[in-house]
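First comes the structure, then the notes that go with it.
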Amino acid sequence: MAPNFITEIIERDLEAGRYPQIVTRFPPEPNGYLHLGHTFASFLDFQTAVQYGGRYHLRMDDTNPEGESEEFAQGIQDDLKWMGWEWGEHLYYASDNFERYYEYAVKLIRLGKAYVDSVSGDEMARLRGTVSEAGTPSPYRERPVEENLDLFARMRAGEFLEGAHVLRAKIDLASANMKLRDPVLYRILRADHYRAGTAWCIYPMYDFQHPLQDALEGVTHSMCSLEFVDNRAIYDWLMETLGFSPRPHQYEFGRRSLEYTIVSKRKLRLLVNEGHVSGWDDPRMPTLRAQRRLGVTPEAVRAFAAQIGVSRTNRTVDLAVYENAVRGDLNHRAPRVMAVLEPLPVTLSGLDSERVLSVPYYPHDVVQASSDGLVPLPGGQRVPPEQAVRGVPLGTELYIEQDDFSADPPKGFKRLTLGGTVRLRGAGIIRADRFDVGADGNVTRVYATLLGEEAKAGGVIHWVSAAHALPAEFRLYDRLFSVPNPERTEASTDDLPEPEEDAAPMDAAFLRHLNPNSLRVTRGYVEGSVAADPADTRYQFERQGYFWRDPVGSREDALVFGRIITLKDAWAGNAGEATKAEPRRPKAEAKAGPQPTPHAPQPTALTPEQAAEAARLSALGVSDADARTLARDPELLAFINMAATDSTLAQVASWTVNDLAAAIKGDRARVQPADLAPLAALLAAGKVTSRVARDTLARAAESGEAPAAIIEREGLSARLDPAELARAIAETVAANPDKVEAYRGGKVGLMGFFTGQVMRATGGKADPQAVAQGLKAALEG
RNA sequence: AGGGAUAUGGUGUAAUGGCAGCACAACAGAUUUUGGAUCUGUUAGUUUAGGUUCGAAUCCUAGUAUCCCUGCCA
């Protein structure tokens with residue numbers, strides 16, 4: 001896991017000793033299968049814990065019985081284990097803690113922080129208000145504690161119909177954060193739970209259950225995706241109200257989606273239910289089990305997860321990153337064999353007798369790159385390269401790929417042409433002498449001659465011996481969707497607001513983008529050596545791609561090979577299989593909507609009072625821009641109004657706006673306005689540099705000490721001896737000979753670096769202009 | 001409309017006031033018994049406008065764009 005904003009927080013927490021070790025959790029709801037999107041989240045949760053010597057938990061977030069099942073819970077565990085994760089005893093089910101959640105709810109009621117509400121759902125939504133209007137209290141909001149306790153107990157006892165009552169937190173109906181307007185904690189739901197059975201008819205909501213479960217497990221860093229940012233307020237409220245300490249904290253990261261794929265559970269289900277794919281494990285699906293059946297290795301998936309970065313923005317990752325991870329993994333583990341996917345018969349002359357060639361499983365570069373000098377056989381056993389060979393029979397009847405012969409070759413064609421030569425991988429060079437054509441005009445057979453070793457050929461093609469090869473079916477998978485963002489309904493600009501019919505018909509628009517060629521099936525031949533290999537061997541069929549036997553469809557007497565991924569194909573753009581994606585649209589076009597209109601920098605309008613205020617400040621010497629900014633902000637204005645109105649005001653105003661504003665608004669600025677004038681005077685008199693002044697100001701803002709006192713105490717106003725500056729410059733130059741050379745070589749951007757070094761060496765006391773002059777002289781002299 | 005989050009090459013991500021870097025992609029060359037792999041090189045970026053500073057991707061002000069929030073889902 002590359003360093004990111006979360007590891008930064010963890011390192012800080014560890015350093016501060018806030019937790020003895022970190023604990024994370026991955027909390028899927030068992031109502032579907034894991035997909036590539038989950039890979040990122042689980043990797044972030046688990047790998048981060050591993051990296052910092054902590055512990056990770058797997059938790060089934062099974063608090064809503066609808067849609068959840070043991071099958072999914074098991075499937076999720078299988079997939080995660082396949083990925084190589086081991087949580088040991090730290091497998092948790094939220095449903096195991098229903099009793100404890102209940103107790104905490106009772107505690108909240110006793111604290112007067114929760115109440116049973118009895119309005120209808122519609123009514124509650126109405127009372128919640130809108131984003132711009134505060135909510136209004138339900139008539140039941142002030143129910144006495146005893147009545148709440150009684151009602152809540154009877155809810156649990158099953159005395160009420162679904163929807164009759166809910167338990168709500170009593171937080172703030174006027175909050176701008178809608179999540180805080182008395183969120184529902186429990187609802188009545190008469191549903192069988194796949195684990196708890198009929199024991200409960202009330203179920204806790206995510207916002208209540210999740211923080212509690214984190215705390216109960218001892219989780220320290222609870223990571224979730226960005227859409228839960230607003231929910232964090234409830235999280236913190238619960239932790240504080242219930243007094244958990246030490247307590248977990250929630251951190252949000254941006255989701256990662258992948259080009260050409262969808263991850264919406266509903267949409268995936270639609271693909272399965274409508275038969276667009278053969279099931280959840282159809283190799284074209286983004287689910288982990290599908291990728292597993294496809295033949296992708298867990299190592300490749302992990303490498304992918306490790307490569308995509310972590311940030312606080314939702315992003316769509318280039319499919320090539322995933323493909324690159326898959327290829328990179330297979331390149332070093334897949335023995336090369338030959339298979340002809342679309343056969344063209346070749347009759348060979350010049351071959352005295354049938355023979356068996358010994359052909360290496362790996363090209364020289366894979367051997368070279370091997371760290372131990374060994375290389376894996378199909379069974380996985382690592383052997384010296386000389387032993388990594390198989391016998392390949394060569395007879396007079398062969399098959400080559402239809403694409404590898406052209407009677408009318410395009411420019412740059414490097415394969416077999418009439419009268420031309422090509423190398424048969426491992427067998428020698430042949431020349432095509434003539435060919436037969438079928439009724440439809442297609443080439444049906446090529447007659448070729450095997451030449452001696454002195455012959456030359458520009459290209460290499462793969463082949464199999466017709467008499468020895470095994471017939472096989474090949475399933476050639478391609479991306480399921482033909483556009484990078486199938487989930488985005490790109491028609492959304494033309495269709496109007498769209499009368500939303502509940503969540504109902506679901507924009508099946510994404511189905512339009514289904515790639516009709518996502519599965520192509522061919523029949524051909526594979527070299528006989530594979531018959532002896534383990535069924536889960538992943539191969540590279542030379543020049544075609546990585547394949548393995550389909551774990552579901554392949555039988556010993558009816559081989560089916562599925563293509564895990566193609567090889568990169570630099571030729572495809574010219575001719576080739578042409579399943580390439582259409583060229584990507586430039587950013588400007590891809591971004592829907594009108595271009596931002598260039599507008600003149602228009603100062604925002606001030607109210608008459610603000611305008612008067614700004615004018616008054618301007619008259620006192622404050623710059624217009626600062627004056628306007630100050631006039632618009634009451635807190636800033638209050639601050640500046642306490643400062644001395646003398647010649648220093650302009651400087652003080654500038655500091656207030658540019659350096660102190662955030663602290664003042666956050667009520668963290670402890671420096672006194674009146675203390676600013678002396679500092680400004682020092683600056684104006686040339687006693688301190690502006691660098692020193694600003695540094696001091698920042699410190700004063702935190703400590704509350706008068707800036708001038710800091711300067712006095714630390715002697716910061718002492719003039720810098722020119723000799724000292726010269727020495728600092730000389731030392732800096734001497735310490736960085738390589739940078740000096742680079743600078744003299746034309747990398748003038750390094751001046752900033754040198755300036756920074758000198759400034760630091762002199763504690764900011766050097767006059768920037770003198771530094772610039774001195775450095776220029778030193779570097780160019 | 002109110003609140004919140006975010007914005008760096010085509011894509012993803014670093015730089016925590018001082019050299020805009022890395023990976024993938026693309027392109028070019030070398031090499032190659034896979035039009036693969038490998039190696040070398042090139043192209044290309046700080047959302048906009050102002051301001052502070054010797055110096056701004058970073059700090060300040062105001063815009064713009066995108067996403068999230070008004071479930072008894074998670």
Side-chain angles (χ1 to χ4, degrees), chain A residues 2-4 27 29 31 61 63-64 66 121 124-125 128-133 162-163 166 175-179 181 184 186-189 205-206 210 226-231 252 254 256 259 307-318 320-321 324 327 331 336 363-366 368-369 412 414 423 425-426 457 459-462 540 542-544 567-572 574 576 584 586-587 591 593 596-604 623 625-626 628-629 632 654-655 657-659 661-662 690-691 694 739 742 747 749-757 759 767-769 771-772:
Chain A
N4 57 69
E29 183 186 11
N31 67 351
D61 227 3
T63 55
N64 180 8
E66 288 162 353
M124 196 190 299
R128 189 154 24 227
T130 67
V131 288
S132 47
E133 296 163 68
E162 274 187 20
V166 293
S175 175
N177 179 353
M178 299 295 289
K179 296 285 185 192
R181 320 251 264 225
V184 172
Y186 266 93
R187 82 285 207 185
I188 299 172
L189 207 58
M205 304 291 290
Y206 168 88
H210 204 95
L226 234 31
E227 65 265 30
F228 293 97
V229 173
D230 293 340
N231 303 59
E252 310 85 16
R256 294 293 176 270
E259 283 181 343
Q307 272 168 44
I308 54 186
V310 185
S311 70
R312 274 177 72 85
T313 319
N314 292 326
R315 298 288 202 183
T316 300
V317 175
D318 198 326
V321 176
N324 185 55
R327 289 194 185 100
N331 183 33
R336 274 60 167 173
H364 68 282
D365 50 77
V366 171
Q368 265 169 18
K414 282 167 60 176
R423 179 179 292 277
R425 174 66 147 176
V460 184
I461 63 172
H462 59 277
Q540 185 193 105
E542 293 218 36
R543 303 206 308 130
Q544 290 290 2
L567 255 27
K568 268 204 230 167
D569 190 354
W571 175 252
N574 295 332
R584 214 155 278 156
K587 199 172 189 175
K591 281 209 172 146
T597 49
H599 52 278
Q602 208 167 45
T604 35
S623 80
D626 287 348
R628 296 177 68 88
T629 303
R632 249 182 308 108
S654 171
W655 282 333
V657 169
N658 290 301
D659 299 72
S690 70
R691 165 73 167 255
R694 288 165 62 115
K739 295 240 164 49
K747 195 165 179 184
L750 283 167
M751 183 53 91
F753 164 79
F754 289 115
T755 308
Q757 293 294 305
M759 282 299 191
D767 169 43
Q769 275 168 15
V771 173

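Convention: sequence-line order gives letters A, B, ...; per-chain numbering from 1.
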Gap separating the CD atom of A:Glu542 from the CG atom of A:Leu567, nearest 0.5 angstrom: 9.0 Å
CD-NE2 distance between A:Gln544 and A:His462, expressed to the nearest 0.5 angstrom: 4.5 Å
[options]: which one has an atom nearest the side-chain heavy atoms of [X]?
| X | options | result |
| --- | --- | --- |
| A:Arg691 | B:G36, B:U61, B:G55 | B:G55 |
| A:Met205 | B:C19, B:G71, B:U52 | B:G71 |
| A:Val657 | B:G35, B:A74, B:C60 | B:C60 |
| A:Arg336 | B:U33, B:G36, B:C73 | B:G36 |
| A:Ser132 | B:G4, B:A25, B:G2 | B:G2 |
| A:Arg128 | B:C24, B:C68, B:C72 | B:C72 |
| A:Val131 | B:U52, B:A37, B:G2 | B:G2 |
| A:Met178 | B:A74, B:U34, B:C69 | B:C69 |
| A:Asn324 | B:U34, B:C24, B:G71 | B:C24 |
| A:Leu226 | B:A74, B:G36, B:A5 | B:A5 |

Mind checking if [X] touches a base, just sugar-phosphate, or nothing, with heavy atoms under 4.0 Å?
| X | answer |
| --- | --- |
| A:Asp767 | nothing |
| A:Thr316 | sugar-phosphate |
| A:Gly254 | nothing |

Would you kindly check whether a donor in the side chain of [X] faces an acceptor in the base of [N], or vice versa, at under 3.5 angstrom?
| X | N | answer |
| --- | --- | --- |
| A:Asn658 | B:G51 | yes |
| A:Arg425 | B:U34 | no |
| A:Lys179 | B:C69 | no |
| A:Arg315 | B:G10 | no |
| A:Asp365 | B:G36 | yes |
| A:Arg423 | B:U33 | yes |
| A:Gln544 | B:U34 | no |

Side-chain ([X]) to main-chain ([Y]) donor-acceptor, under 3.5 angstrom:
| X | Y | answer |
| --- | --- | --- |
| A:Arg181 | A:Ser175 | yes |
| A:Asn658 | A:Ser654 | yes |
| A:Arg694 | A:Trp655 | no |

What's the gap between [N] and [M] when it is taken at their [atom1] atoms, as a whole Å value?
| N | M | atom1 | value |
| --- | --- | --- | --- |
| B:A57 | B:A7 | P | 16 Å |
| B:G55 | B:G12 | C1' | 30 Å |
| B:U32 | B:U47 | C1' | 45 Å |
| B:A49 | B:U64 | C1' | 10 Å |
| B:A25 | B:G17 | P | 34 Å |
| B:U11 | B:U48 | C1' | 23 Å |
| B:A74 | B:C68 | C1' | 15 Å |
| B:A5 | B:U61 | P | 14 Å |

So, does [X] get its side chain near the phosphate of [N], meaning an N or O under 4.0 Å from OP1 or OP2?
| X | N | answer |
| --- | --- | --- |
| A:Thr63 | B:A74 | yes |
| A:Arg632 | B:A62 | yes |
| A:Thr755 | B:C54 | no |
| A:Arg256 | B:U13 | yes |
| A:Arg187 | B:A74 | yes |
| A:Arg181 | B:G71 | no |
| A:Arg312 | B:U6 | yes |
| A:Ser690 | B:C54 | yes |
| A:Arg327 | B:A37 | no |
| A:Lys568 | B:A37 | yes |

Atom-pair distance ([atom1] on [X]; [atom2] on [N]), nearest Å:
| X | N | atom1 | atom2 | answer |
| --- | --- | --- | --- | --- |
| A:Glu133 | B:G3 | CD | C1' | 15 Å |
| A:Asn314 | B:G4 | CG | C1' | 14 Å |
| A:Trp655 | B:U52 | CH2 | C1' | 12 Å |
| A:Arg543 | B:G35 | CZ | P | 5 Å |
| A:Asp569 | B:G35 | CG | P | 9 Å |
| A:Met759 | B:A56 | CE | C1' | 15 Å |
| A:Glu542 | B:A37 | CD | C1' | 12 Å |
| A:His210 | B:G71 | NE2 | P | 21 Å |

Of A:Gln769 and A:Val184, whose closest RNA chain B nucleotide lies nearer the 5' terminus? A:Gln769
Mark this stacking check for A:Trp571 against B:G35 as yes or no, applying ring centres under 5.5 Å and ring planes under 30°. yes
Checking base pairs now: Watson-Crick or wobble, both atom distances under 3.5 Å. What partners B:A65? B:U6
